[in-house]
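Since the structure comes first, as structure tokens, the remarks are kept for the end.
Everything numeric here is computed off the predicted structure, so don't read it as measured data.
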Amino acid sequence: MEYTALYRKLRPKVFSEVCGQEHITKTLKNQLISHRVSHAYLFCGTRGTGKTSTAKIFARAINCQNPKGGEPCGECAMCLAAAEDRSFNIFEIDAASNNGVDNIRELRDEVNYPPAVGEYKVYIIDEVHMLSLAAFNALLKTLEEPPAHVVFILATTDPQKVPVTILSRCQRFDFKRIGAETISKTLSGYMKTEGIKITDEAVGAISGVCDGAMRDALSILDRCISFYYGEEITKDKVLEVIGSADKALFFDFTDALSRFDTFKALSLINRIFEDGKDLNRFTAELIVHLRNVLLAKQPGGFKTAPDYSEENTERLIKQAAGMETERLIDLISSFSELLNRMKYSDNIRITLEVFTVKITSPLSDDDSSLVSRIESLERLAAENITFGFAENISQNTINNINNREKVQETAPVAAKPVKEKALPEDIKAAIDNFSALKKGFKSPPESVFIEKTEAGYLKGEKLCLVCPSPALYDFWAERLDIVKEAMLEVFGKEFEAEPILKEDYDARCIALFGQKDVKKDPKGISELDTGELKKKIHFDNIEIYE
């Protein structure tokens with residue numbers, strides 16, 4: 001007996017069986033009931049959402065001899081002929097293979113002849129965007145003023161390629177992606193009818209990966225039934241067939257990213273590869289998981305995330321609480337760019353592994369993600385969580401560190417000598433030799449941020465840390481003690497310092513000295529220190545002098 005694929009066998013036969021497109025099927029039924037049928041329709045939307053099926057149902061209903069509430073009866077001669085693909089009133093044209101102007105000219109000649117039986121001739125042109133420009137022009141006049149007995153239904157997944165002259169002559173219906181819940185409910189009903197044993201978790205797994213396309217869901221289900229013929233289909237079996245990974249793997253991988261645990265992340269990639277999973281699919285699903293973690297951090301945002309089990313829901317919320325929003329945004333953006341590169345990579349595994357090493361490095365050359373990485377590291381340190389890159393330190397290294405600490409504890413503590421406070425001329429000297437201070441910072445993140453900081457002077461006895469960005473300003477505002485200690489070590493005197501945004505610094509310099517860059521001309525400093533203060537003015541509620 002000849003086998004029929006599920007997506008063909010279970011194709012909707014009436015409007016009520018079309019899933020997730022009630023906004024379209026209700027309109028079409030009302031048009032049939034009220035006899036307000038248009039001469040041209042455009043059905044557009046992603047694959048597997050019911051465009052062609054709806055077009056076939058509409059074509060049957062428009063010629064049905066006994067319609068019932070806008071639905072085809074399925075029993076009259078016209079409905080039976082259409083169901084058996086022997087109707088002379090319904091013409092299906094594949095524009096991908098019949099896209100020339102000669103094909104449309106033949107169609108234009110045929111439409112002039114009225115149907116032998118029935119009221120309408122219906123032309124369904126699938127993938128209409130594949131027609132050539134000349135073919136569109138040939139169709140234009142016929143589409144604008146067709147004979148009264150002709151109805152055109154154009155279907156496409158890419159309406160942007162259809163000329164506006166064609167679009168303006170059609171009633172457009174946009175088929176939306178079918179919701180995962182609707183797909184799950186429909187698949188469960190189909191399987192009960194077919195007598196196939198399948199768990200709810202397996203149905204949910206299929207609904208989650210089909211991207212809102214019912215045809216894709218039925219195709220995946222067909223493969224699972226064939227592979228596990230006579231067995232109950234479970235979630236693990238579905239994941240095995242489609243080459244997808246379990247959600248637990250995404251939780252573990254995200255934990256590794258959060259803790260900067262390179263070793264664990266690479267181990268998970270190796271496991272995925274050895275299990276024969278598709279690394280492209282894994283990366284795409286990881287982006288979705290990171291998106292769900294980000295939504296779980298937002299008030300009420302988790303309502304838009306896909307279905308999770310009760311256990312996974314709790315873990316998702318807990319994982320979201322342990323990650324910064326900026327870090328999640330950085331990861332989603334970075335992995336999205338990676339997914340595009342992987343499409344053209346000769347070795348996907350190496351591409352993913354190299355990127356993972358980079359993204360789990362505590363510091364990176366990427367300035368846009370540097371702040372979020374530092375914040376993540378500070379959070380881990382505050383929670384006494386060991387960084388992943390420190391887990392493989394040798395025991396000898398640990399012993400050396402411990403011995404050094406013991407020596408430091410037993411050594412006599414020398415009294416710190418009292419240092420003189422820096423005078424204005426000392427501040428000038430420090431500004432001129434600011435590069436020496438930069439060399440005094442040996443380790444990140446301070447050594448990274450000091451390179452982007454300039455030195456300046458405004459008033460009093462404080463050195464200004466001129467910051468080009470608010471992030472840099474916030475960074476130094478919390479670490480002024482570190483700067484003071486470094487200046488004491490380098491210049492031998494106690495300095496007072498304060499951060500200031502560069503735009504504010506430039507404006508105040510102009511108000512004080514008539515120029516922006518004071519550090520190159522010490523004239524302003526000497527004027528302030530001679531006591532020749534002519535008048536006091538106010539700038540942004542901060543007292544300055546000139």
Quick one: pull up CD1 in Ile287 and OG in Ser336 and give me the separation to the nearest 0.5 Å.
4.0 Å
Not counting sequence neighbours, which residues clear salt bridge (Lys or Arg N to Asp or Glu O under 4.0 Å) with Lys9? List them please.
Glu194
Electrostatic pair Asp255-Arg315, nearest N-O below 4.0 angstrom
yes
Side chain Asn137, main chain Leu133, donor-acceptor under 3.5 Å
yes
Do Thr142 and Arg108 pass the side-chain hydrogen bond (donor to acceptor under 3.5 Å, both in side chains) test, and can you show the C-alpha distance, the side-chain angles, and the key distance before you say yes or no?
CA-CA 7 Å; Thr142 303; Arg108 189 175 59 186; 4.7 Å; no
Can you name the closest pair of heavy atoms from Phe152 and Pro146 and give their distance?
CE1-CB, 4.1 Å
Can a salt bridge be assigned to the pair Arg349 and Glu353 using a cut-off of 4.0 Å between side-chain N and carboxylate O?
yes
Identify the heavy atoms of Ser16 and Glu71 that sit nearest to each other, and give their distance.
N-OE2, 3.1 Å
Does any N or O in the side chain of Thr351 come within less than 3.5 Å of the main-chain N or O of Asn347, such that one atom is a donor and the other an acceptor?
yes
What one should report as the nearest heavy-atom pair of Cys170 and Leu154 is SG-CD1, 3.9 Å
With side chain to side chain contact (heavy atoms under 4.5 Å, CB included) as the criterion, how do Val150 and His39 come out once you've worked through the C-alpha distance, each side chain's angles and the decisive distance to 0.1 Å?
CA-CA 7 Å; Val150 173; His39 67 281; over 6 Å; no
State, yes or no, whether a side-chain contact exists between Met78 and Val117 at a heavy-atom distance under 4.5 Å.
yes
Could you go through Arg327 and Ser258, starting from their C-alpha distance and side-chain angles, then the distance that decides it, and tell me whether this counts as side chain to side chain contact (heavy atoms under 4.5 Å, CB included)?
CA-CA 8 Å; Arg327 174 67 170 158; Ser258 175; over 6 Å; no
Any donor and acceptor pair, going by atom type alone, linking the side chain of Lys297 with main-chain N or O of Ala320 inside 3.5 Å?
yes
Are the side chain of Arg172 and the backbone N or O of Cys44 linked by a donor-acceptor pair below 3.5 Å?
no
What pair of heavy atoms forms the shortest contact from Asn98 to Leu131, and how long is it?
O-CD2, 3.6 Å
Should Met191 and Ile225 count as side-chain neighbours, where that means a heavy-atom distance under 4.5 Å?
yes
Are the side chain of Glu145 and the backbone N or O of Lys141 linked by a donor-acceptor pair below 3.5 Å?
no
Please check if the number of heavy atoms outside Tyr7 that lie under 6.0 Å from its OH is greater than 12.
no
When rounded to the nearest 0.5 Å, the distance separating CD1 of Ile57 from CG of Leu28 is 9.5 Å
Going from CG on Asp330 to CD on Glu324, what distance comes out if it is rounded to the nearest 0.5 angstrom?
11.5 Å
side-chain hydrogen bond (donor to acceptor under 3.5 Å, both in side chains) involving Glu232 - partner list, sequence neighbours excluded:
none
Glu119 pairs by side-chain contact (heavy atoms from CB on, under 4.5 Å) with which of Val151, Asn89, Asn63, Val37?
Asn63
Quick one: are Tyr190 and Leu218 in side-chain contact, heavy atoms under 4.5 Å?
yes
Testing Val203, Ile206, Asp200 one by one against Ser184 for a side-chain contact (heavy atoms from CB on, under 4.5 Å), which residue passes?
Val203
Closest non-hydrogen atoms of Lys235 and Ala202, given as atom of the first, atom of the second and distance, are N-CB, 3.6 Å
Using 30° and 60° as the class boundaries, would you call the ring planes of Phe282 and Phe253 parallel, tilted or perpendicular?
perpendicular
Does the pair Glu231/Lys237 count as a salt bridge with the N-to-O cut at 4.0 Å?
yes
If you measure from the Lys or Arg side-chain nitrogens to the Asp or Glu carboxylate oxygens, is any gap between Glu285 and Arg281 under 4.0 Å?
yes
State, with a plain yes or no, whether a side-chain heavy atom of Leu32 is found less than 4.5 Å away from one of Pro67.
no
Criterion side-chain contact (heavy atoms from CB on, under 4.5 Å) against Glu92, the qualifying member of Ile124, Ile153, Asp126, Ile125
Ile124
Would you find a donor on one side and an acceptor on the other, under 3.5 Å apart, between the side chain of Ser87 and the backbone of Ala81?
no
Would you call Val241 and Tyr228 a side-chain contact if the rule is heavy atoms closer than 4.5 Å?
yes
Counting only N and O atoms by type, is there a donor-acceptor contact under 3.5 Å from the side chain of Lys161 to the main-chain atoms of Thr156?
no
Do Met342 and Phe355 come close enough that some side-chain heavy atom pair is under 4.5 Å?
no
With rounding to the nearest 0.5 angstrom, report the OG1 to CG distance, Thr182 to Leu187.
10.5 Å
Does the plane of the ring in Phe43 sit parallel, tilted or perpendicular to the ring in Phe173? Use 30° and 60° as the thresholds.
perpendicular
Counting only N and O atoms by type, is there a donor-acceptor contact under 3.5 Å from the side chain of Lys51 to the main-chain atoms of Thr46?
yes
With a 6.0 Å cut-off (strictly less than), is the heavy-atom count around CZ of Phe273, excluding the residue itself, greater than 12?
no
Hey, what do you get for CZ (Phe15) to CD1 (Ile24), rounding to the nearest 0.5 Å?
10.5 Å
Do Leu6 and Ser219 have side chains that approach each other closer than 4.5 Å (heavy atoms only, starting at C-beta)?
no
Go through the steps for Glu337 and Ser333 under the test side chain to side chain contact (heavy atoms under 4.5 Å, CB included), then give the verdict.
CA-CA 6 Å; Glu337 295 177 2; Ser333 176; 4.0 Å; yes
Please confirm whether the backbone N or O of Asn30 pairs with a side-chain atom of Ser34, one donor and one acceptor, at under 3.5 Å?
yes
Does Leu331 offer a backbone N or O that forms a donor-acceptor pair with the side chain of Ser334 under 3.5 Å?
no
Minimal heavy-atom distance between Arg47 and Ala213, with the atoms involved, is O-CB, 3.2 Å
I'd like to check His149 versus Pro115 (side-chain heavy atoms, cut-off strictly below 4.5 Å). Are they in contact?
yes
Please evaluate residues Lys277 and Glu240 with respect to the criterion side chain to side chain contact (heavy atoms under 4.5 Å, CB included), reporting the C-alpha separation (whole Å), side-chain torsions for both, the decisive distance (0.1 Å), and the verdict.
CA-CA 8 Å; Lys277 309 296 184 184; Glu240 183 69 25; 3.8 Å; yes
